*Asks:* 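This structure is in C-alpha cells; I'll ask about it shortly.
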Amino acid sequence: MTKEEARQRIAALSEELEQHNYNYYILAKPTISDYEFDMKLEELARLEKEFPEYLSPASPTQRVGGGITKEFKSVKHRYPMLSLANSYSREEIGDFISRIKKTINEEVEFCCELKFDGLSISLQYENGVLVRAVTRGDGAQGDDVTTNVKTIHTVPLKLHGDYPEFFEMRGEIVMPFESFNRLNEARAEAGDELFANPRNAAAGTLKLQDSKEVARRKLDNYCYYMMMDGLEDRYQTHYQSLQAARKWGFNISNFMALCKTIDDIFEFIDYWDVKRHELPFAIDGIVLKVNSYAQQQALGFTAKSPKWAIAYKFKAEEVETELQSVDFQVGRHGTITPVANLAPVQLAGTTVKRATLNNEDFIRQFDLHYGDTVNVVKGGEIIPKIIGVNLDKRQEGARPVVFVKTCPICGTPLVQNEGEAAWYCPNSSGCSPQIRGRIEHFIGRKAMNIESLGEGKVELLYEEGLVRNVADLYDLTYDKLYGLEKVITIEDEFSLMPVATRKVSFKEKTAQNILDALEKSKSVPFERVLFALGIKFVGESVAKVLAKALHDIDHIIGASVEEMTEINEIGEKIALSVRNFFDDERNIDIVNRLKQAGLQFAMAEQAVSDKEQVLAGKSFVVSGVFQNYSRDGIKETIEAYGGKNVGSISGKTDYVLAGEKMGPEKRKKAESLGVPIITEAEFEAMIGVSHTPEENGLLF
Ligand code: IVH
C-alpha cells in the first residue's frame with residue numbers, strides 16, 4: 001500500500017466508523033454488526049500503527065483508550081462554568097416565572113429539560129474537532145480530561161455540517177445504572193471499595209489515569225448548552241442551538257419541552273418525577289431555561305448563576321428503618337461525629353446502612369432512642385440523613401442514645417469549645433484516627449498529591465511506627481519501606497456495602513514510587529503545602545489567601561490574630577485557629593523538619609505583579625485570530641493584567657480586541673454600540689508589552 005493509499009483508506013475508515021458510532025450510540029439504529037465494526041476498527045488501528053503520520057487525535061481508535069494521563073493539567077475556562085439556582089418547591093418555581101415575566105414584559109417561552117445527575121463538562125471544538133474536555137473544577141478552572149473523555153461514545157470527536165469554527169458545548173457526563181451496577185459488582189468481587197452512587201462513580205472514572213479502564217466503564221454524555229462568541233447572532237433560541245448541535249453529532253436529550261404556561265411546566269415536572277425511575281441514568285430534577293437568547297441577555301447573570309434559568313430538584317426519596325446502634329467516629333481535628341448504624345434498607349438505588357447524626361444537639365433534637373424507627377433520605381449527597389423519628393413505633397423501655405464523654409479510641413475525656421455543638425478529643429498527638437487523618441489529608445490530591453501512598457498504605461506505615469506525623473514521611477527510605485506487608489480492612493464509610501479487605505505490600509516498585517512521589521511533592525507550591533498542614537478552618541481557598549497576603553511561612557507563624565484579620569476574607573475564627581496551630585511547639589517542629597526536607601514554604605515570584613493590573617475594571621470581547629497569542633492565551637493575558645473577558649458585545653463592553661478574520665457581524669455590532677475596536681498591537685501597547693510575548697513569558 002502506498003502512503004497516499006493509506007492516507008485515503010484511513011480517512012475513509014475513520015469517517016465510516018464515526019458514522020457507525022453515531023448511528024449506534026446516538027440514533028440507537030446500528031446499520032452494521034458489531035463484528036463488522038470491530039474488523040474495520042482493527043484495520044484502522046493497524047494502518048495507523050503502520051502510518052503514524054496519519055493518526056488523527058479525532059480518530060475513532062481513540063475511543064478504545066490506551067492513553068495515560070499522568071497528571072490532569074489544570075486549565076482556565078474560556079467562559080466560567082456557572083451553576084444553577086436551585087428550587088425545591090412549586091412556589092419557588094412560580095416566583096421565578098413571575099419574576100421573569102415582570103422583567104421581560106412580553107411572552108416568555110421556557111425550555112424544560114432533564115437535570116442530569118453527573119458531572120458537568122466543557123467540550124471545546126476547533127474546526128469541528130474536539131480539542132479539549134475540561135471538568136468544572138471551581139468554575140473558573142478545571143482539569144483537562146480530554147484523553148478520558150474521548151473514550152465516551154456519545155462525545156463526538158469530529159463534527160459534521162455547518163458547525164462554527166470555535167465553540168464550546170457544555171454537558172453532563174453520567175454513568176448509566178447498567179455500567180454502575182456492573183462496576184460495583186466487579187469491585188465487590190475484587191474486594192475493592194464500592195462507589196456510593198453513579199455520580200461519584202462517574203467522577204472517579206473521569207479521573208483515572210488509564211483511559212482504557214475509562215473506556216471499559218462505559219460513561220455517557222448529554223449536552224445541554226452551547227457557548228461561543230456571537231452565539232445569539234447565529235441562533236435566536238437555546239432550543240434552536242441544541243437542535244443544530246444534534247445535527248453536528250452531539251447527544252441531545254429528546255426529553256425536552258417548550259412551555260409557555262406554568263401548568264405546562266408543572267406537567268413536565270410531574271411527569272418526570274414519576275418517570276425518572278424508568279430512565280437508564282439518574283436525574284435529580286428539571287431545569288427550566290428562558291428559551292430566547294435576547295430575553296436571556298436582558299435577564300443577565302448573578303455572580304454564580306444565570307437569572308434566566310432555575311433547577312427544580314426532586315424531593316429526595318425517603319424510607320423508614322431501624323436505628324440499631326451508634327458509633328462515635330474521631331476526625332482528624334479530633335471532632336467526634338456520631339454515626340447511626342441502621343437496619344439495611346434500599347434507598348435511591350443503593351443499600352443504606354449508616355447515616356450521620358452530626359453532633360450531640362442533633363441526637364437531642366430528635367431525642368433518639370436505640371431501636372427507634374427513623375426516616376432516612378438521600379439527596380444528591382453521599383451521606384444519608386435522618387430527618388425524623390416515628391414516635392408511634394418507639395418500643396417501651398427503649399434506651400436513649402447518650403453522647404460519649406470520653407474518646408472511644410484513646411479514652412481521653414472529651415472537651416467542648418464555647419458556643420460549638422461539637423465535642424473534641426484533645427489528645428491530638430496520641431489519638432490514632434487523628435494522626436492518620438492528618439497524614440491522609442496531607443497526602444491528598446489537592447494537598448501534596450502523594451497518591452502512591454493512598455489506600456491503606458498510611459495505615460500500614462502508622463502501625464509499623466514508621467510515620468507518626470507528616471514530617472516522618474520525608475525520613476522514609478527504601479530499606480524501611482521494602483518488604484512491609486499487611487492485610488487491611490477497608491470500610492466504606494457511609495454506604496457500607498460489603499467491607500473489603502486488601503493486602504498492602506511494599507515491593508520494589510511500590511517502595512520506589514512512594515519515594516519518587518515524596519520527592520516530587522517538594523515542588524508543590526506553598527499555598528498547597530499550607531493547606532496540607534491541615535490547620536482547622538484553613539481550606540484550599542483560605543490557604544491561598546493567607547499565602548498570597550503573607551508570602552511565606554515565617555510571616556504566617558509570626559502574624560498576630562489582628563494582623564491576620566486585616567486580610568480580606570480572613571475572619572477571627574480562622575485567625576485564632578492559625579495562631580493556635582503555630583503556638584503549639586510540636587507543629588513548629590514539624591514545619592522545621594518539612595523545611596529541612598525541602599518543601600516550598602514561600603510563594604513563588606509572580607510573572608505579573610499587582611502593580612501591573614493596568615486593565616483592572618476593563619471588559620474585553622476577544623474576536624478573531626491573533627499573531628502572538630492563542631485565543632486562550634490572549635484571554636489569560638487580559639486577566640493577568642486585571643481585565644475581564646466577556647462573551648458578547650454590549651453597551652457595557654470597554655473594548656473589542658480584534659484579531660484577523662474577525663466576524664463582520666461583530667464589527668457591525670461594536671460599531672453600532674460605539675465600543676472601541678483595538679488591534680493586537682494596540683492591546684500590547686496598553687499593557688506595556690513592546691517585545692514578543694515569548695520574551696515576556698506570557699504566551700500560554
Ligand atoms: S445548564 C449556565 N442544563 O446542573 C448554566 N445544567 O446545578 C449551565 N445540569 O453545573 C447549566 N442537567 O452540571 C444545565 N439540562 C441541564 C443540566 C444541567 C444537569 C447540571 C450542570 C450544572 C448543575 C447546576
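Computed over heavy atoms, backbone and side chain alike; hydrogens, waters and symmetry mates excluded. Each ligand, and each atom within it, is numbered from 1 in the order the structure gives. Source: prediction; values computed, not measured.
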*Asks:* Please state whether A311 comes within less than 4.0 angstrom of ligand 1, counting heavy atoms only.
*Replies:* no
*Asks:* Answer yes or no: is there an ion pair linking R234 with E232, defined by an N-O contact shorter than 4.0 Å?
*Replies:* no
*Asks:* Between E213 and R217, is there a salt bridge with N-O shorter than 4.0 Å?
*Replies:* yes
*Asks:* With respect to atom 1 (S) of ligand 1, which of K289, R170, K304 exhibits the smallest heavy-atom separation?
*Replies:* K289
*Asks:* Purely on distance, is any nitrogen or oxygen of F116 under 3.5 Å from one on ligand 1?
*Replies:* yes
*Asks:* Given the ring of F266, does R90 sit roughly above its face, with NZ or CZ under 6.0 Å from the centre of the six-membered ring and within 45° of the axis?
*Replies:* yes
*Asks:* Before signing off on this row, confirm whether N86 and ligand 1 have an N or O atom pair separated by under 3.5 Å.
*Replies:* no
*Asks:* Heavy atom under 4.0 Å from ligand 1: found in L114's side chain, backbone, both, or neither?
*Replies:* backbone
*Asks:* Assess E172 for proximity to ligand 1: is some non-hydrogen atom of it under 4.0 Å away?
*Replies:* yes
*Asks:* Salt-bridged, K73 to D143, with N to O below 4.0 Å?
*Replies:* no
*Asks:* Check each heavy atom of Y224 against ligand 1 and say whether those closer than 4.0 Å belong to the side chain, the backbone, both or neither.
*Replies:* side chain
*Asks:* For N23, which of N21, I26, L27 qualifies under side chain to side chain contact (heavy atoms under 4.5 Å, CB included)?
*Replies:* L27
*Asks:* Does E71, at its CD atom, have more than 12 non-hydrogen atoms belonging to other residues, nucleotides or ligands within less than 6.0 Å?
*Replies:* no
*Asks:* Side chain, backbone, both or neither: which part of V287 has a heavy atom under 4.0 Å from ligand 1?
*Replies:* side chain
*Asks:* Could you check whether E113 pairs with K289 (Lys NZ or Arg NE/NH1/NH2 to Asp/Glu carboxylate O, under 4.0 Å)?
*Replies:* yes
*Asks:* In the protein, what heavy atom is nearest to atom 8 (C) of ligand 1, and what distance, to one decimal place, separates them?
*Replies:* Y225 CD2, 3.9 Å
*Asks:* With distance as the sole test, does T154 use its side chain to make a donor-acceptor pair with the main-chain N or O of N221 at under 3.5 Å?
*Replies:* yes
*Asks:* Using heavy atoms and a threshold below 4.0 Å, how should the contact between E113 and ligand 1 be classified: side chain, backbone, both, or neither?
*Replies:* side chain
*Asks:* Please determine whether any non-hydrogen atom of L119 lies less than 4.0 Å from an atom of ligand 1.
*Replies:* no
